[in-house]
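One structure below.
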Amino acid sequence: SSDLPRSPIAELILAGFSPWLDDCEVQRALDLCTGSGCIGIAMASHNPDWQVDLVDISEAALQLAQQNVAYQNVEAQVRVIASDLFSALGGERYDLIVSNPPYVTEGEFAELPAEYAHEPKLGLTAGDDGLDLALRILAEAPEHLSEEGVLIVEVGESERALVELLPQVPFAWVEFKVGQMGVCVLDRESLVEHHDAFAREAAEASLAWGWGHLDAPRITAITVASPKATGTGWESRAMDSTAIPIATSSRATSSPSAS
């Protein structure tokens with residue numbers, strides 16, 4: 001048996017991300033807003049031929065993720081990187097980007113039960129509609145996806161707000177065993193086609209929250225490149241808590257996560 005992330009994305013990992021990756025050979029994957037690293041580590045454990053990056057903005061989260069990487073013995077596959085979403089990833093490209101960013105609205109956060117009081121607000125909230133980080137991810141992801149790459153984002157209860165905000169976007173909402181859980185899938189082609197809308201909404205969200213340093217991401221030139229070959233010299237940017245056991249299967253990654 002395996003201990004998997006609480007996120008419904010765990011079900012996708014166990015299913016090999018089918019059918020979404022049926023036509024895509026994955027060499028490199030990214031767990032953006034990794035938190036404790038559960039999602040990315042599980043991806044690596046279940047896919048020994050993948051190289052996986054775990055990215056978060058929180059040093060405390062990254063320290064815990066680094067501990068979990070060591071606990072699960074996936075150091076050869078996984079590196080831990082400190083970054084505000086994609087900002088420190090330069091020209092890195094991935095075949096799969098998975099993200100469970102903070103998506104609790106400010107109103108929902110105020111009404112959370114007492115047991116959530118120990119959770120860092122940075123790891124839970126994302127503006128009035130819970131979409132601030134998701135919109136940035138949607139706008140910036142194409143520059144970091146391979147030609148056939150796929151983006152999977154969990155927005156939870158903010159699903160309705162996202163659909164109402166961007167009705168023209170062909171979001172594919174994953175049907176899990178218990179129904180829809182606010183997890184959408186978009187391929188790179190769709191992300192490029194609707195980039196201007198994502199960038200516009202991301203910029204408006206940043207202005208609404210006074211994030212003056214966040215310019216609307218703009219793709220001026222898109223290049224298609226095969227994933228970079230990964231060397232053996234992984235450099236880990238580390239980070240306190242007790243390590244959480246994740247997947248132990250023989251087949252088994254910017255901003256803090258809600259997972």
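Worth saying up front: this structure is predicted, and the values here are computed from it rather than measured.
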What's the separation between atom [atom1] in [X] and atom [atom2] in [Y], rounded to the nearest 0.5 Å?
X: Cys33; Y: Asn100; atom1: SG; atom2: CG; answer: 8.0 Å
X: Leu32; Y: Ile137; atom1: CG; atom2: CD1; answer: 5.0 Å
X: Glu201; Y: Arg136; atom1: CD; atom2: CZ; answer: 15.0 Å
X: Glu193; Y: Gln168; atom1: CD; atom2: CD; answer: 9.5 Å
X: Glu11; Y: Leu14; atom1: CD; atom2: CG; answer: 8.0 Å
X: Ser190; Y: Phe171; atom1: OG; atom2: CZ; answer: 9.5 Å

Any donor-acceptor pair under 3.5 Å linking the side chain of [X] with the backbone of [Y]?
X: Gln51; Y: Arg28; answer: no
X: Ser58; Y: Ala61; answer: yes
X: Arg188; Y: Pro142; answer: yes
X: Ser18; Y: Ala15; answer: no

Do [X] and [Y] make a side-chain contact, defined as non-hydrogen atoms from C-beta onward lying under 4.5 Å apart?
X: Leu30; Y: Val52; result: no
X: Leu96; Y: Trp20; result: no
X: Val150; Y: Leu145; result: no
X: Val55; Y: Thr34; result: no
X: Phe17; Y: Asp22; result: no
X: Leu135; Y: Leu165; result: yes
X: Trp50; Y: Asp95; result: no
X: Leu85; Y: Ser99; result: no

Closest heavy-atom pair and its distance - [X], [Y]:
X: Ala82; Y: Glu59; value: CB-OE2, 3.6 Å
X: Gln77; Y: Asp49; value: NE2-N, 4.4 Å
X: Pro170; Y: Leu186; value: O-CD2, 3.6 Å
X: Asn68; Y: Ser36; value: ND2-O, 2.9 Å
X: Pro8; Y: Phe176; value: O-CE2, 3.0 Å
X: Ile97; Y: Ala141; value: CD1-O, 4.2 Å

Atom CD of Gln180 with >12 non-hydrogen neighbours under 6.0 angstrom =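 More than 12 heavy atoms, drawn from other residues, nucleotides or ligands, come within 6.0 Å of this atom.
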Is the number of heavy atoms from other residues, nucleotides or ligands within 6.0 Å of CG (Asp23) greater than 12?
->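 Check fails, neighbour count at 12 or below.
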Does the pair Ile41 and Tyr71 meet the rule for a side-chain contact (heavy atoms from CB on, under 4.5 Å), with working shown?
-> CA-CA 10 Å; Ile41 292 170; Tyr71 186 89; over 6 Å; no
Identify which one of Ile152, Val183, Ile9 satisfies the side-chain contact (heavy atoms from CB on, under 4.5 Å) criterion when paired with Val174.
->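 When side-chain contact (heavy atoms from CB on, under 4.5 Å) is applied between Val174 and each of Ile152, Val183, Ile9, only Val183 qualifies.
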Quick one: do Asp53 and Val78 satisfy side-chain contact (heavy atoms from CB on, under 4.5 Å)? Show the steps, please.
-> CA-CA 6 Å; Asp53 285 351; Val78 179; over 6 Å; no
What residues, two or more places apart in sequence or in another chain, satisfy ring-ring contact (aromatic ring centres under 6.0 Å, His included) together with His144?
->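 Here the qualifying residues are Phe86.
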So Val185 and Trp173, side-chain contact (heavy atoms from CB on, under 4.5 Å) or not? Walk me through it.
-> CA-CA 6 Å; Val185 183; Trp173 296 97; over 6 Å; no
Salt-bridge test for Arg79 and Glu92: reply yes if a basic N is under 4.0 Å from a carboxylate O, no otherwise.
->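 Salt bridge present between Arg79 and Glu92.
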